Amino acid sequence: MGLFFVLPLVFLVPESLALGTGQPFQAYNRVFDSLYIDAFVRSFLYAAATTVLTLLLAYVLSYYLSFGSRRIRLALTLVVVPLWIAYIVRYFGLLLFFSPAGPLATYTGLEVDLLFTTPAVIIGLMNVYLPFAVLPIYNSLNSIDTELLDASRILGAGRWRTIASIVVPLSLPGVVAAGLIVFILAAGSFLGPAVLGGPGQKMVANYIAQAFLDNYNIQFASALAVVYTIILLGLLGIFNAVADLEEVLGGI
């Protein structure tokens with residue numbers, strides 16, 4: 001972690017300051033342009049929407065895997081297999097699926113105008129990061145003592161009362177951990193908006209890549225990355241103050 005994660009981030013700080021140029025904060029002045037502020041806001045809003053929708057879908061799927069599926073190994077395999085496929089392939093698969101000549105339009109006659117829009121980006125992010133949400137939630141649900149569920153039913157609680165009073169509270173550590181993972185991954189996504197979005201759906205990662213790869217402006221790319229990291233760590237700090245991450249991650 002120190003060598004391959006923390007140290008590279010530390011190197012970004014002096015690179016972003018460009019101390020030898022005489023204008024050490026020029027890159028940061030540009031970061032706070034309205035174009036890039038909108039990109040920061042868009043990135044975290046997309047991440048929040050993706051997290052909420054993914055958690056809803058993942059919880060239903062995880063509940064089925066834990067309490068309704070008879071072929072658990074096969075079902076879990078189907079959840080994990082997409083992780084073996086490169087992200088770019090999965091995003092292009094959605095691109096072809098929603099295209100006017102794709103299978104959705106060909107076999108159903110529906111021509112959905114989704115490509116290069118915000119919903120397309122969020123659907124793509126959900127599709128890619130769903131397994132990361134299912135696994136911790138499933139692990140949390142699977143660890144619930146079935147005797148508690150039986151006792152709830154014996155005492156007269158119906159299925160929905162049992163879910164609300166027993167299942168959901170005991171599975172919250174997995175839900176929180178899944179939400180944390182999906183939010184962090186979605187906020188830093190590059191391929192999702194690059195493949196499925198248009199110019200109005202660019203996220204911070206796209207501008208970082210553009211600054212470095214297209215313009216070779218290392219100072220500006222580093223400044224964007226530093227500000228993004230500070231904001232993300234700040235949000236995680238707030239989240240940690242509300243829900244103790246050590247306790248949450250230790251409960252799954």
Side-chain angles (χ1 to χ4, degrees), residues 44-87 89-91 93-94 97-98 119-155 157-189 191-192 196 232 235-236 239-240 242-252:
F44 291 112
L45 287 179
Y46 282 9
T50 300
T51 301
V52 171
L53 295 175
T54 303
L55 287 180
L56 291 173
L57 183 58
Y59 200 93
V60 173
L61 182 56
S62 301
Y63 184 89
Y64 171 74
L65 292 176
S66 299
F67 303 112
S69 177
R70 295 182 180 179
R71 298 182 178 181
I72 297 178
R73 289 186 178 180
L74 176 61
L76 284 176
T77 301
L78 294 177
V79 171
V80 174
V81 160
L83 295 176
W84 302 348
I85 303 173
Y87 287 172
V89 175
R90 296 166 67 182
Y91 282 125
L94 283 176
F97 182 78
F98 288 126
V121 174
I122 293 177
I123 291 173
L125 295 175
M126 289 174 58
N127 173 65
V128 168
Y129 299 129
L130 180 63
F132 292 99
V134 170
L135 294 178
I137 295 176
Y138 168 76
N139 186 55
S140 189
L141 288 171
N142 198 45
S143 63
I144 296 176
D145 191 346
T146 55
E147 292 184 359
L148 294 174
L149 306 181
D150 295 336
S152 177
R153 296 190 185 99
I154 291 172
L155 293 173
R159 170 176 291 184
W160 294 109
R161 179 69 182 276
T162 299
I163 292 174
S165 302
I166 306 294
V167 177
V168 172
L170 292 178
S171 62
L172 278 181
V175 174
V176 173
L180 191 64
I181 294 170
V182 172
F183 182 84
I184 293 173
L185 293 175
S189 176
L191 285 174
L196 298 173
L232 184 60
L235 292 175
L236 292 178
F239 184 83
N240 186 52
V242 177
D244 188 353
L245 291 181
E246 184 177 356
E247 181 180 352
V248 167
L249 297 178
I252 62 171

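Since we're looking at a predicted model, the values are computed, not measured.
Only one option out of V128, V134, L130 pairs with T54 in a side-chain contact (heavy atoms from CB on, under 4.5 Å); it is L130.
To the nearest 0.5 Å, atom CG of residue L135 and atom CG of residue L65 are 9.5 Å apart. Atoms OG and OH, on S189 and Y46 in that order, are 11.0 Å from each other to the nearest 0.5 Å. Atom CG in L185 sits 5.5 Å away from atom OH in Y129 (nearest 0.5 Å). To the nearest 0.5 Å, the span separating CG on L57 from CG on N127 amounts to 10.0 Å. Within the model, atoms CG of L236 and CG of L180 stand 6.0 Å from one another, a figure rounded to the nearest 0.5 Å. Of the inter-residue distances, the one linking N142 atom CG with N139 atom CG reads 7.0 Å to the nearest 0.5 angstrom.
Of all heavy-atom pairs spanning I144 and V167, the tightest one is CD1-O, 3.8 Å. Between G174 and S140, the shortest heavy-atom contact is N-OG, 3.5 Å. Counting all heavy atoms, side chain and backbone alike, P82 lies closest to L78 at CD-O, 3.1 Å. For the pair L55 and V175, the tightest heavy-atom approach, listed with the atom from each and the gap, is CD2-O, 3.8 Å. Here the closest non-hydrogen pair linking S152 and T162 is OG-OG1, 2.9 Å. Of all non-hydrogen atoms in G124 and L196, the two that sit nearest each other are CA-CD1, 3.6 Å.
F97 is linked by a ring-ring contact (aromatic ring centres under 6.0 Å, His included) to nothing, counting only residues two or more places apart in sequence or in another chain. The side chain to side chain donor-acceptor pair (under 3.5 Å) test applied to S171 returns Y59, not counting sequence neighbours. Every residue was checked against the side chain to side chain donor-acceptor pair (under 3.5 Å) condition with S66, not counting sequence neighbours, and none meets it. Legend: residues meeting side chain to side chain contact (heavy atoms under 4.5 Å, CB included) with I85, ordered by chain and number and at least two apart, are V89, R90. The salt bridge (Lys or Arg N to Asp or Glu O under 4.0 Å) search around R153 returns D150, not counting sequence neighbours. With sequence neighbours excluded, the residues that form a side chain to side chain contact (heavy atoms under 4.5 Å, CB included) with A47 are F183, A186, A187. Taking the side chain to side chain contact (heavy atoms under 4.5 Å, CB included) definition, one finds that W84 meets it with V80, V81, sequence neighbours left out. Applying the side chain to side chain contact (heavy atoms under 4.5 Å, CB included) test to A49 and every residue at least two apart in sequence or in another chain returns I122. Under the ring-ring contact (aromatic ring centres under 6.0 Å, His included) criterion, F132 pairs with no residue, sequence neighbours left out. With sequence neighbours left out, R161 forms a side chain to side chain donor-acceptor pair (under 3.5 Å) with S165. In terms of the ring-ring contact (aromatic ring centres under 6.0 Å, His included) criterion, residue partners of Y63 (sequence neighbours excluded) are, by chain and number, F67.
S62 places a side-chain N or O within 3.5 Å of a backbone atom of A58 that can act as its donor or acceptor partner.
Two residues are said to be in side-chain contact when any heavy atoms from C-beta on lie closer than 4.5 Å; L170 and L148 meet this criterion. Side-chain contact between Y138 and L61 is absent, with no heavy atoms from C-beta onward closer than 4.5 Å.
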